[in-house]
Enquirer: 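Have a look at this one.
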Amino acid sequence: MYDLLLLASLILFAAVSAAYARHPAASLMHPASFYLAFHGFIFVLRPIVARVYDFSFVYRLYDFLPSVGDKITVILAANLAMIVFVAAALYEAPMPVKPIPQGDYGRMRALLGKPILITAMILGPIGIYSQLSNWQRREDEYASMVRDAATGIATNTDNIGWLTDASMLLAPLAVMLIWLARYRWWSWGIFAMFLVLQAGDGTRGPIIYAAAAIAILSLLESRRQWFDWRTTALALIALFAFGQIVVDRGAGLREAVGQADSASEAGAAELAPLEGMDFANLEYFEYVVYAVPQRTGTYDYFTSNLQVFTEPVPRALWKEKPVGAPVQYFRLWDYGRPIGITFSLPGAGWMSLGYPGVAIQALFFALLYAFAYRRLLTRQASPLAQIAYALVIATAFNVLRDGTLLTFVRQLPFYFGPLLMVMLLLRILGPSRAAQAHAWEGPVSDFLAQTPAERRRNLARQASDQR
């Protein structure tokens with residue numbers, strides 16, 4: 001039964017992908033593409049690999065074993081999330097990207113050059129200091145992090161989380177500097193330095209984020225919908241770096257510069273392909289279904305989102321700050337050992353309200369990213385709007401993996417903050433600069449004011465014009 005369901009899931013994914021590819025708005029930068037890439041790898045390809053190799057590592061680590069019914073529920077819920085997300089994203093953002101005259105890029109670079117460089121000079125040292133501090137912290141992470149016995153959540157004990165996360169500033173700075181340099185060969189030295197700094201920390205998310213944002217900007221400027229040689233090379237480099245960091249979490253690089261780790265990632269080589277925890281959202285989702293509501297007796301009814309209000313307050317200023325969400329209906333650690341669990345978008349939805357929760361969670365994030373696409377790539381036409389969109393949509397992979405609003409909100413100050421500083425400096429350096437930048441935004445018809453019939457007519461007209 002489960003094997004047939006995996007086959008049906010593969011066929012459904014192929015059918016949805018084929019239908020999407022024929023849509024006029026289909027492109028690598030559309031939110032639906034990000035979700036299909038995530039779903040196809042995590043909930044279509046990997047379950048088949050898991051079935052072939054009989055994955056058991058996470059089950060042994062978490063001390064649980066899902067029933068066949070649990071595994072079936074996961075596949076059904078994951079496909080529900082895919083259908084809702086793709087359908088909602090295409091309904092909310094049905095138009096292709098509005099092209100920009102090539103000359104606008106040169107003029108916008110002239111306007112943004114000084115603000116971007118000043119921003120890099122101010123925020124760059126902060127990000128580098130934070131990153132190097134994280135290198136040292138990785139030598140003995142148990143000295144700075146304490147895991148709460150009740151929730152299993154690790155909390156920072158010797159530093160302020162804002163300073164620890166400031167290393168994320170390097171990703172958008174690298175993106176904007178490479179864009180400013182017109183992707184010239186020497187500008188990739190910036191990306192190489194960024195890769196080295198990230199690799200030593202053992203983190204992978206910012207690398208994927210930066211590579212995705214650069215690829216999106218490159219495609220938008222060259223007016224391409226899918227991969228070209230530059231985006232293909234970026235994807236291969238990012239995947240290679242990701243794979244290398246997964247092996248030892250940067251220990252090899254830290255040892256090369258004279259740092260010794262108190263613990264290593266031994267045993268990773270003994271796992272089957274894709275069996276490690278970095279890609280184990282399938283098993284994590286199975287654990288959620290195993291526990292909620294079968295053993296918890298209740299869902300959390302989206303109360304986990306309340307953590308967005310408590311998270312920004314440093315624990316140094318609030319000693320009694322709740323560990324995790326301020327309102328909790330259950331603790332997953334009462335039913336196993338979910339170390340490092342990331343729920344995924346459908347998993348977080350299931351924990352909130354079962355199948356309806358999965359649909360609600362998928363709908364919310366689809367509308368969120370589709371709104372950014374529509375507002376920045378179709379209603380406005382400027383290089384500045386394209387940079388803003390690239391920095392927003394590149395968060396999708398991490399947000400879809402974690403599945404929570406908290407992940408999106410936690411990333412936003414660091415991934416989008418540098419662009420806000422650039423825009424502020426643009427105004428400070430002279431009203432004429434800001435006015436010229438705004439003059440190139442080129443708003444088009446407001447889709448929010450259109451009826452569905454008008455949307456379809458405009459969509460067909462644009463598709464006809466492109467042909």
Enquirer: I would like to know whether Ile42 and Leu400 meet side-chain contact (heavy atoms from CB on, under 4.5 Å); could you show each step before the answer?
Expert: CA-CA 11 Å; Ile42 295 297; Leu400 297 177; over 6 Å; no
Enquirer: Will you find, in the side chains of Gln131 and Ser167, an N or O donor that is under 3.5 Å from an N or O acceptor?
Expert: yes
Enquirer: Donor-acceptor pair, distance only, cut-off 3.5 Å: does the side chain of Trp350 make one with the backbone of Ala78?
Expert: no
Enquirer: The criterion is side chain to side chain contact (heavy atoms under 4.5 Å, CB included); which residues satisfy it with Leu424, sequence neighbours excluded?
Expert: Ile428
Enquirer: As a quick check of understanding, evaluate side-chain contact (heavy atoms from CB on, under 4.5 Å) for Met108 and Leu384, giving each step before the final call.
Expert: CA-CA 8 Å; Met108 186 62 79; Leu384 186 58; 4.1 Å; yes
Enquirer: Would one find more than 12 heavy atoms of other residues, nucleotides or ligands at under 6.0 Å from atom CZ of Arg22?
Expert: no
Enquirer: Whether the side chain of Gln361 engages the backbone of Gly403 through a donor-acceptor N/O pair (distance < 3.5 Å, no angle test) should be reported.
Expert: yes
Enquirer: Could you tell me how the ring of His30 sits relative to the ring of Tyr373: parallel (under 30°), tilted (30 to 60°) or perpendicular (over 60°)?
Expert: tilted
Enquirer: Would the number of heavy atoms belonging to other residues, nucleotides or ligands and lying under 6.0 Å from CZ of Arg109 be above 12?
Expert: yes
Enquirer: Hey, could you give me each pair passing side-chain hydrogen bond (donor to acceptor under 3.5 Å, both in side chains) that has a residue in residues 397-424? Not counting sequence neighbours.
Expert: Glu311-Arg410, Asn398-Arg401, Asn398-Gln411, Asp402-Thr407, Thr404-Thr407
Enquirer: One pair to check against side-chain contact (heavy atoms from CB on, under 4.5 Å): Arg107 and Asp104. What are the steps and the verdict?
Expert: CA-CA 5 Å; Arg107 289 190 288 270; Asp104 283 6; 2.5 Å; yes
Enquirer: Do the rings of Tyr301 and Tyr299 sit parallel, tilted or perpendicular, given the 30° and 60° boundaries?
Expert: perpendicular
Enquirer: Using the ring pair (Phe, Tyr, Trp, His ring centres under 6.0 Å) criterion, which residues pair with Phe416? Sequence neighbours excluded.
Expert: none
Enquirer: Could you tell me whether the side chain of Tyr389 and the main chain of Met29 form a donor-acceptor pair under 3.5 Å?
Expert: yes
Enquirer: Taking the basic N atoms (NZ, or NE/NH1/NH2) and the acidic carboxylate oxygens, is any pair closer than 4.0 Å for Glu283 and Lys71?
Expert: no
Enquirer: Check the pair Tyr287, Val58 against side-chain contact (heavy atoms from CB on, under 4.5 Å), reporting the backbone distance first and the verdict last.
Expert: CA-CA 10 Å; Tyr287 181 81; Val58 174; over 6 Å; no
Enquirer: Does the Arg46 side chain pair with the main chain of Phe43, one donor and one acceptor, at a distance under 3.5 Å?
Expert: no
Enquirer: For the pair Glu275 (side chain) and Phe57 (backbone), establish whether a donor and an acceptor sit closer than 3.5 Å, ignoring hydrogens and angles.
Expert: yes
Enquirer: In this structure, which one of Tyr62, Trp333, Phe285 forms a side-chain contact (heavy atoms from CB on, under 4.5 Å) with Ile341?
Expert: Tyr62
Enquirer: List for me each residue that meets ring pair (Phe, Tyr, Trp, His ring centres under 6.0 Å) alongside Phe397, sequence neighbours excluded, and say none if there are none.
Expert: Phe34
Enquirer: In chain order, what residues pass the ring pair (Phe, Tyr, Trp, His ring centres under 6.0 Å) check against Tyr129, with sequence neighbours excluded?
Expert: none
Enquirer: Would you say the side-chain atoms of Thr342 and Asn281 include a donor-acceptor pair closer than 3.5 Å?
Expert: yes
Enquirer: Under a 3.5 Å distance rule, please check whether Thr378 uses its side chain to pair with a backbone N or O of Met95 as donor and acceptor.
Expert: no
Enquirer: What distance do Met193 atom CE and Leu195 atom CG have between them, rounded to the nearest 0.5 Å?
Expert: 11.0 Å
Enquirer: Any luck finding a side-chain donor-acceptor pair between Tyr105 and Gln386 under 3.5 Å?
Expert: yes
Enquirer: Would you confirm whether Arg374, through its side chain, and Arg379, through its main-chain N or O, come within 3.5 Å as a donor-acceptor pair?
Expert: no
Enquirer: What's the separation between atom CG in Leu170 and atom CD1 in Ile126, rounded to the nearest 0.5 Å?
Expert: 10.5 Å
Enquirer: Say you draw a straight line from CZ of Phe302 to CD1 of Ile360; how long is it, rounded to the nearest 0.5 Å?
Expert: 4.0 Å
Enquirer: Test of understanding: with side chain to side chain contact (heavy atoms under 4.5 Å, CB included), list the residues that count as partners of Ser218, not counting sequence neighbours.
Expert: Tyr183, Asp228, Arg230
Enquirer: Do the ring planes of Trp188 and Phe191 sit parallel (below 30°), tilted (30 to 60°) or perpendicular (above 60°)?
Expert: perpendicular
